[in-house]
Amino acid sequence: MTETTKKTPAAQPAPAPAPKGLIPLPAAAARALLLTGGIATAASAFLAWTWTAEFPGDLTVYGYPGGLQWLTFTAGVLTALFALASYGVRGLGWLLPARNNAPLALNALGGFGVTWFTIIAISVELGGLVNLEPGGWIAALASLLPVLGAFALPQENSGAENTKEALKAYIAKPDRVPAPEPTAGWLQRAIITAVTLVGLGVFTYGIDTEYGQLFVGYLIVVVFAVWALHTAGLLDRFSHLVAGNRSFTLAMGFAAAIIFPFTQTNDHYANIGVNVLIFGTVALGLNIVVGLAGLLDLGYVAFLGVGAYTAALVSGSEFSTVSGVQFPFWASALAGAAASLVFGVLIGAPTLRLRGDYLAIVTLGFGEIFRIAVNNMDGESGPDVTNGPNGIAAIPDLNFFGFNFGESHDIAGFTLGRFANYYLLMVLIMAIVVLVYTRAADSRIGRSWIAIREDETAATAMGINGFNVKLIAFALGAALAGLAGTVSAHVTYSVVPTPYQFAGSTPPNSAFLLAAVVLGGMGTVAGPLLGAALLYLLPEKLVFLQDKSLLAFGIALILLMRFRPEGIIANRRRQLEFHETGQLDVPEQTTLTDTPAVTKTGA
């Protein structure tokens, strides 16, 4: 008689709980609320929000948005488009390559933020909520609807275990984004061209904002929109297109820069543009020292001052202590760059054997010595070289091959003023600086800089002469700053010691330059340029906050460094250091039928 045993079935794992949103609503109802709210937010911009035109932008007209209402309309349209993409509408699927709901929530928050900021600003400036028309209340309610709908959507890809993780999934990019499918070369270039034109339009709108409230609303919409594009994976997709078309992308960037002054009717904005380019050129030079070689320089603005004073002395100004000398522009530019290079070598030679904080303290001291020295070279406290606190004034405008930069010129039906002329000159100089930077970064010496930045001891053990390599970085960065300083002297008509200090309320100074490099993204070309543009524009546009502008600026920097420590435009290596994931998926492995099998043995 055989004994039979009963086999008990293996315990089946419990099914995973269905994903849920933070707000208990069915997914279909949440998507409908999101789409309806986005459309309602855009439509509410066509209503009157206040009864009086005292609030800037004239929000009193029915049927025609004004001022901040256009930003609400833009945010509502973006919310509706991403909501339609989540429905799987044909032709919009490319908006959500990561197949997540974070972009929906962020766009909804952007519309909510700009609308409620406007409502609060109206109430504060006009003296209470009584100044709101029914359209203002409708807009406030309409902008709240897509936020509720977005946070009611389940986060399928979040893997959240608690409320904090679930909330993070609504504002963060998934760990993996599906790899893009191959596209034709002409289509890639068309996409880059379209993105460049959109970027130019967005930047031009921001720089043309006429009052502070409009600029704050602009920042809210742009920040949340870019954040949404990042979490959707679109910025990763675009970075892959750029990596395969670097020369074309660079050419399009410079084409957009050249077009910018032709979009301006006010020479004041061209003045902002030329100062942004000067600031960006100096920041790019500092990026060689800090971003590539890893040397913390806290007195870098002094090299800008050396170039500016050198150009001022040989400019033919009646206040110059070098009388009877007037170099042509190319000669003064070379003289300014050479003088800064010499100072870079003289300062770097005895100090670059120091590292870390010690080097930072020495460079900080050099910056202060420069400012104090030029302030005292007035013929009384020291030799008569710089005219002391009065500086060198009445610097004449450049005259390059018969082209007077101080006069207006008509080109293709557009009138270019004085600052537009200098802006185009700075675009040319920027192209030279970018060429020098990229060639140096991709060369053997550039790889040596990166090796020293990562680990100087290991780089020295591999045969790299650390001192010589760092000295070259220091000298090259100083020369680029001096080159920008020569143009800065002619743009401002005068050179005085005041701006060349470590910290101050307005750029350029060493603290702002260093912040531009870190904020934009160390080790990249576009990063310092973007950082310089932001750091120059924010104090200019937030002047209505008066003494609170630096506080708002500091809070914004802290938040950015908390959530994007690698900078806005991150170097790939630094991004890997700060984040373990976030890379695009690698292509799927080939099957065993395509490649011979490999057997791995051993423990």
Side-chain angles (χ1 to χ4, degrees), residues 15-47 49 63 65 69-119 134-160 163 165-174 177-178 220-221 224-234:
K20 297 180 180 179
L22 292 179
I23 298 175
L25 277 178
R31 292 189 188 279
L33 186 62
L34 179 68
L35 178 59
T36 304
I39 296 173
T41 301
S44 68
F46 291 85
L47 303 175
W49 290 8
Q69 288 176 323
W70 279 116
L71 297 174
T72 293
F73 174 78
T74 302
V77 170
L78 288 175
T79 302
L81 284 176
F82 275 87
L84 290 172
S86 70
Y87 271 107
V89 174
R90 187 174 181 181
L92 294 178
W94 59 273
L95 284 173
L96 292 172
R99 303 293 185 267
N100 62 330
N101 294 323
L104 309 178
L106 290 170
N107 277 303
L109 287 173
F112 175 80
V114 69
T115 304
W116 281 66
F117 166 76
T118 307
I119 299 302
W137 294 103
I138 293 173
L141 178 61
S143 65
L144 181 61
L145 297 180
V147 175
L148 297 176
F151 283 94
L153 290 173
Q155 290 290 342
E156 292 87 352
N157 301 328
S158 67
T163 304
E165 291 296 326
L167 184 60
K168 182 180 178 181
Y170 284 96
I171 59 173
K173 187 181 72 171
V177 179
I220 292 172
V221 174
F224 277 100
V226 173
W227 195 353
L229 296 178
H230 168 69
T231 57
L234 288 173

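Numbering of residues begins at 1 and proceeds along the displayed sequence. Owing to the predicted nature of the structure, the values given are computational and were not obtained by experimental measurement. All heavy atoms count here, side chains included; hydrogens, waters and symmetry mates do not.
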**Student:** Verify, without hydrogens or angle tests, whether Y87 (side chain) and F82 (backbone) share a donor-acceptor contact under 3.5 angstrom.
**Tutor:**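 Judged by distance alone, no pair lies under 3.5 Å.
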**Student:** What is the minimum heavy-atom distance between F73 and A45, and which atoms define it?
**Tutor:**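 Scanning both residues, the minimum pair turns out to be CB-CB, 3.9 Å.
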**Student:** Assess, by modelled atom type and distance only, whether the side chains of S143 and T41 contain a donor and an acceptor separated by less than 3.5 Å.
**Tutor:**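 There is no such pair (donor and acceptor under 3.5 Å, judged by atom type) between the side chains of S143 and T41.
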**Student:** Under a 4.5 Å cut-off applied to non-hydrogen side-chain atoms, are L104 and T79 in contact?
**Tutor:**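 No, their side chains stay 4.5 Å or more apart.
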**Student:** Does the side chain of P103 reach to within under 4.5 Å of the side chain of L96, using non-hydrogen atoms?
**Tutor:**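 They are in side-chain contact.
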**Student:** Short question: side chain of W116, backbone of A140 - any donor-acceptor pair under 3.5 Å?
**Tutor:**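 Judged by distance alone, yes, a pair lies under 3.5 Å.
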**Student:** Answer whether the closest heavy-atom distance between the side chains of P146 and F112 falls below 4.5 Å.
**Tutor:**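 Contact flag for P146/F112 side chains = no.
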**Student:** Compare every heavy atom of L71 with every heavy atom of V114, then report the nearest pair and how far apart it is.
**Tutor:**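 Closest approach of V114 to L71: CG2-CB, 3.9 Å.
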**Student:** So, does T231 use its side chain to make a donor-acceptor pair with the main chain of A228 at under 3.5 Å?
**Tutor:**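 Yes, the answer is positive, given that a donor and an acceptor are paired below the 3.5 Å cut-off.
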**Student:** Would you name the heavy atoms of G233 and P97 that are closest together and state the gap between them?
**Tutor:**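 That closest heavy-atom pairing would be C-CG, 4.0 Å.
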**Student:** Measure the CG-CG distance between L34 and L84 for me, rounded to the nearest 0.5 Å.
**Tutor:**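 With rounding to 0.5 Å, CG (L34) is 9.5 Å from CG (L84).
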**Student:** Write down the atom of L95, the atom of A85, and the distance for their closest heavy-atom approach.
**Tutor:**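 Taking L95 first and A85 second, the nearest heavy atoms are CB-CB, 4.0 Å.
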**Student:** Strictly distance-based, threshold 3.5 Å: is any side-chain N or O of W49 a donor or acceptor partner for the main-chain N or O of I119?
**Tutor:**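 Not confirmed, W49 side chain does not pair with I119 backbone.
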**Student:** What's the separation between atom CG in L153 and atom CG in L148, rounded to the nearest 0.5 Å?
**Tutor:**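 The CG atom of L153 sits 11.0 Å away from the CG atom of L148.
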**Student:** Of all heavy-atom pairs between G111 and A75, which one has the smallest distance, and what is that distance?
**Tutor:**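 Shortest heavy-atom separation between G111 and A75 comes out as CA-CB, 3.4 Å.
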**Student:** Does the side chain of L141 reach to within under 4.5 Å of the side chain of W137, using non-hydrogen atoms?
**Tutor:**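 A side-chain contact is absent here, since even the closest heavy-atom pair is not under 4.5 Å.
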**Student:** Supply the atom-to-atom distance N107 CG to W227 CH2, rounded to the nearest 0.5 angstrom.
**Tutor:**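 That separation rounds to 12.0 Å.
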**Student:** Quick check for you: to the nearest 0.5 Å, what is the distance between F151 atom CZ and L25 atom CG?
**Tutor:**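 So the gap between those two atoms works out to 13.5 Å.
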**Student:** Taking side chain as C-beta onward, heavy atoms only, is L234 less than 4.5 Å from W94?
**Tutor:**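 The answer is yes; the side chains approach within 4.5 Å.
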**Student:** Checking the side chain of Q69 only, and the main-chain atoms of L47 only, is there a donor and an acceptor separated by less than 3.5 Å?
**Tutor:**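 Pair found, side chain donor or acceptor close to backbone of L47.
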